[in-house]
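Every heavy atom of this structure was used, including side-chain atoms; hydrogens, water molecules and symmetry mates were not. Heads up: numbering here begins at 1 and tracks the sequence.
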Amino acid sequence: MKKGIYYIMTVIGLLLLGVGAYFVKMVIEPQGIMKTLPYICIGLGCGIFGYGAGEVISHRVMKNHPDIRKDERNVAIANRAKARGYDMMIFIFAALMGVDFTVVLLLAFSYLFVVGYSLYYRFKYDREM
C-alpha cells in the first residue's frame, strides 16, 4: 500500500475512537444496537489507529535504514520483545474482563501499555545482543 493510506487509517481510527466515546457518554439509556455500537467503534478505532500509526512509524524508520528488516539479529530481537509484550497482555486483559466503559478505556490504554512494554524490551534486547 502507499504510505498515505496509513495516515488516513490513523485519522479514521482516532475518529472512530472519538465517536465511540461520544456515544457512550451521550446516549443515556441505550437500547438495541446502541448498547454495542459505541464499544465496537472504540475497538475498531483502537485497532485501526494502532495499525496505521505503527505503519507510519515503520515507514519512517525504514526510509533511513532499509536493510534493517533483513538482519537476523534484528528479527530475533523483535520476536523476543513481542513475545514478552504479548505475554504481558494476556495477564492485563484477564484482569479487566467483564466491566463497563471506564474499563473499556482501560483496555485500550492497557493495549497501548503492552505495545510500550514490548518496545521497552525491544530496546533492552537491542543493547544486550
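Cluster annotation: Tyr39 is not connected to Val27 through the hydrophobic network of ILVMFWY side chains, with a link wherever side-chain heavy atoms come within less than 4.5 Å. Under a hydrophobic-cluster definition in which Ile, Leu, Val, Met, Phe, Trp and Tyr are linked whenever side-chain heavy atoms come within less than 4.5 Å, directly or via other members, Met34 and Ile40 are assigned to different clusters.
Among residues two or more places apart in sequence or in another chain, the side-chain contact (heavy atoms from CB on, under 4.5 Å) test is passed with Asn79 by Val75, Lys82. Evaluation of the side-chain contact (heavy atoms from CB on, under 4.5 Å) rule for Ile28 yields no partner, not counting sequence neighbours. Under the side-chain hydrogen bond (donor to acceptor under 3.5 Å, both in side chains) criterion, Arg84 pairs with Tyr121, sequence neighbours left out.
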Donor-acceptor contacts under 3.5 Å from residues 7-22 side chains, at least two apart:
from  : atom 1 : to    : atom 2 : distance (Å)
Tyr7  : OH     : Arg60 : NH2    : 3.2
Thr10 : OG1    : Tyr6  : O      : 2.8
Thr10 : OG1    : Ala53 : N      : 3.2

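Enclosure of atom CD in Gln31 is not indicated, since only 12 or fewer non-hydrogen atoms of other residues, nucleotides or ligands lie within 6.0 angstrom. No more than 12 heavy atoms of other residues, nucleotides or ligands shown are found within 6.0 angstrom of NZ on Lys35.
Side-chain contact check for Ile42 versus Val24: some heavy-atom pair is nearer than 4.5 Å.
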